[in-house]
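The structure displayed is predicted, hence computed values, not measured ones. A note on names: the letters A, B, ... follow the listed sequences, proteins ahead of strands, and every chain is numbered from 1.
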Number of protein chains: 2
Amino acid sequence: MADEAEGPGRTAGQHATPRSARTAQRRRAVLEAGLAVFSERGFHKASLSEIADRAGMTHAGVLHHFGSKEQLLIDVLRFRDGSGVDGDAGTRPLPEGEALLNHLVETVGENTARPGVVQAFTVLAAESVLEAHPAQDYFRDRAAGLRDVLAAALAESTGRDAGEPEVRDAAALVIAGMDGLQIQWLLDPEEVAMPRATRLMLEALTQRLAQNGPPGTTG
Amino acid sequence: MADEAEGPGRTAGQHATPRSARTAQRRRAVLEAGLAVFSERGFHKASLSEIADRAGMTHAGVLHHFGSKEQLLIDVLRFRDGSGVDGDAGTRPLPEGEALLNHLVETVGENTARPGVVQAFTVLAAESVLEAHPAQDYFRDRAAGLRDVLAAALAESTGRDAGEPEVRDAAALVIAGMDGLQIQWLLDPEEVAMPRATRLMLEALTQRLAQNGPPGTTG
DNA sequence: CAACACTTACTTTCTTGTAAGTAAGTTACT
DNA sequence: AGTAACTTACTTACAAGAAAGTAAGTGTTG
């Protein structure tokens with residue numbers, strides 16, 4: 001069983017490139033197992049042993065690669081998110097402007113097909129609110145960044161200014177709506193139509209912003 | 001003969017309360033400690049010992065009253081919610097119809113003053129999504145009930161029918177928005193104005209429903 | 001050979017839950 | 001009213017297990 005590489009050496013910033021493709025592959029297996037277990041159990045109830053089992057090693061082996069459970073969580077989130085501490089991951093940058101809004105509805109639709117990832121982000125985001133949670137910075141920064149790009153997108157498509165409080169509130173609401181829908185959907189998938197509801201929210205908010213807004217643009 | 005007029009004296013007896021009342025009081029202390037600790041740590045990371053400490057007894061004492069950690073959680077939720085397993089609790093039934101919508105914004109405003117309770121419900125609701133979580137039924141039923149009353153309220157104030165998918169989606173969105181805003185607010189209180197955003201959401205959704213809706217009303 | 005990728009074994013710390021004891025309070029009966 | 005029988009509200013002590021993390025060893029590989 002040799003090295004059929006999928007990209008052995010990578011530009012990994014300041015971190016040294018992994019020695020072999022096999023090592024990268026094992027790390028990746030741990031990250032995937034971590035995502036699965038964190039999403040099924042949440043951070044606190046997840047155990048390194050279960051993650052290690054699924055990745056085919058012992059919990060000490062996991063610690064060898066990631067140092068601590070907290071660091072593993074952070075690496076798992078970045079791995080899934082895209083920024084790819086490791087070799088790669090789907091890393092597509094978000095579209096900007098109006099395209100972002102359509103992209104969101106699409107993404108929500110895709111998400112109904114992978115409850116695992118949805119659950120991981122939902123549970124971990126809420127959990128991160130707890131004092132001294134290791135993923136707190138990650139989720140706070142993520143939310144702030146999303147609010148920014150969403151405010152820009154909403155502003156663009158309604159002729160408003162991205163700095164207006166109402167626009168920023170709307171941006172927060174879009175994220176909030178998506179997060180909250182996920183909770184309800186995970187609890188009761190048949191009662192909640194995530195993509196349809198997301199579209200409704202976007203339409204309602206953009207209509208409201210457009211109607212109430214553009215100072216000189218409307219004429 | 002214990003002067004029955006003033007109740008049974010303990011060594012340091014000071015209460016004019018009969019034994020059963022004192023017991024209820026101790027149980028209540030545990031419920032309040034439980035709410036605090038569950039909200040600070042989440043269910044899994046909360047420990048009976050810490051709850052017991054705050055209530056002034058040992059963890060075995062807590063188990064004497066509530067049987068198990070899971071049962072304690074459920075009793076805490078019901079206690080805070082109102083249904084009052086115990087003697088009391090503020091059990092005010094939700095207003096109905098349009099009044100509910102105003103009530104929501106008010107409640108959100110009040111909530112900014114008590115992050116503890118907000119955090120408890122936010123974190124536990126998201127956590128309940130995990131397999132075999134003890135509060136899963138509680139939160140699923142709660143969400144379903146809220147969607148019903150909200151759909152009715154939205155229908156009433158927009159001339160729509162509470163059974164229409166769009167109205168039900170809007171109801172789910174209101175809950176989702178509130179839940180999601182709480183997460184963002186807990187992570188970054190200065191960046192998120194919960195009450196203002198909540199009002200915006202309600203306005204945007206009711207306008208959208210009213211505009212798009214009443215089959216015979218529009219002309 | 002030396003670094004790496006692990007494993008086994010162990011330590012420490014916590015966890016919930018149980019068992020059994022005790023000091024009060026309550027009830028039943030005379 | 002007095003007392004015995006019982007219940008309640010706890011406590012201390014323990015059981016049994018899981019958890020993360022450490023240390024040290026082993027085999028592979030570049």
Side-chain angles (χ1 to χ4, degrees), chain A residues 1-3 5 8-9 12 15-31 33-34 37-38 41-75 86 132-134, chain B residues 1-31 33-34 37-38 41-74 86 132-134:
Chain A
M1 195 82 84
D3 24 56
H15 209 286
T17 58
R19 283 263 145 163
S20 71
R22 180 182 157 85
T23 296
Q25 198 178 299
R26 309 284 347 250
R27 276 180 67 97
R28 194 196 165 104
V30 174
L31 290 170
V37 175
F38 286 139
R41 314 234 184 274
F43 175 70
H44 291 302
K45 209 187 172 192
S47 85
L48 291 178
S49 294
E50 182 171 2
I51 293 167
D53 275 359
R54 295 202 198 182
M57 67 180 73
T58 63
H59 89 273
V62 171
L63 287 171
H64 165 72
H65 284 298
F66 296 94
S68 73
K69 188 185 177 186
E70 298 197 353
Q71 191 56 52
L72 173 61
L73 171 64
I74 289 164
D75 285 355
D86 262 82
H133 194 284
Chain B
M1 330 351 183
D3 305 353
E4 55 161 9
E6 280 305 306
R10 267 206 79 200
T11 17
Q14 61 283 71
H15 288 305
T17 50
R19 189 207 64 139
S20 62
R22 183 189 157 81
T23 296
Q25 198 177 299
R26 307 285 284 137
R27 275 180 66 97
R28 195 197 164 103
V30 175
L31 290 170
V37 176
F38 285 139
R41 315 232 184 275
F43 175 71
H44 292 301
K45 208 187 172 189
S47 86
L48 291 178
S49 295
E50 181 170 2
I51 293 168
D53 276 359
R54 296 204 198 181
M57 69 179 71
T58 61
H59 89 271
V62 170
L63 287 172
H64 165 73
H65 284 297
F66 296 93
S68 73
K69 187 186 177 186
E70 297 197 352
Q71 191 56 51
L72 172 62
L73 171 65
I74 289 164
D86 263 81
H133 195 283

message = Of the options D:dC10, C:dA5, C:dT7, whose atoms approach the side-chain atoms of A:H65 most closely?
response = C:dA5
query = Within this structure, what is the CD1-to-C1' distance between A:I51 and D:dG21, rounded to whole angstrom?
reply = 14 Å
key: OP1 or OP2 of D:dA9 under 4.0 Å from side-chain N/O of B:R26   = no
query = D:dA19 P sits how many Å from A:L72 CG, rounded?
reply = 15 Å
query = Looking at CG of B:D53 and OG1 of B:T58, how far apart are the two atoms once the value is rounded to the nearest 0.5 Å?
reply = 9.0 Å
Contact pattern, 5' to 3', of nucleotides 13-22 of chain C - B, S or - by protein heavy atom under 4.0 Å = --SSBB----
note = Sorted by chain and number, sequence neighbours left out, ring-ring contact (aromatic ring centres under 6.0 Å, His included) with B:H44 holds for B:H133
query = Listed by chain and number, what are the side chain to side chain donor-acceptor pair (under 3.5 Å) partners of A:R41, not counting sequence neighbours?
reply = A:E50, B:E131
inquiry  = So, OP1 or OP2 of C:dA5: does either fall under 4.0 Å of a side-chain N or O from A:H64?
reply    = yes
remark   = Hits for side chain to side chain contact (heavy atoms under 4.5 Å, CB included) against A:H59, two or more places apart or cross-chain, chain-then-number order -> A:L48, A:S49, A:A52, A:L63
query = A:R41 CZ to D:dA19 C1': how many Å, rounded?
reply = 14 Å
query = Partners of B:E70 by side chain to side chain donor-acceptor pair (under 3.5 Å), sequence neighbours excluded?
reply = none
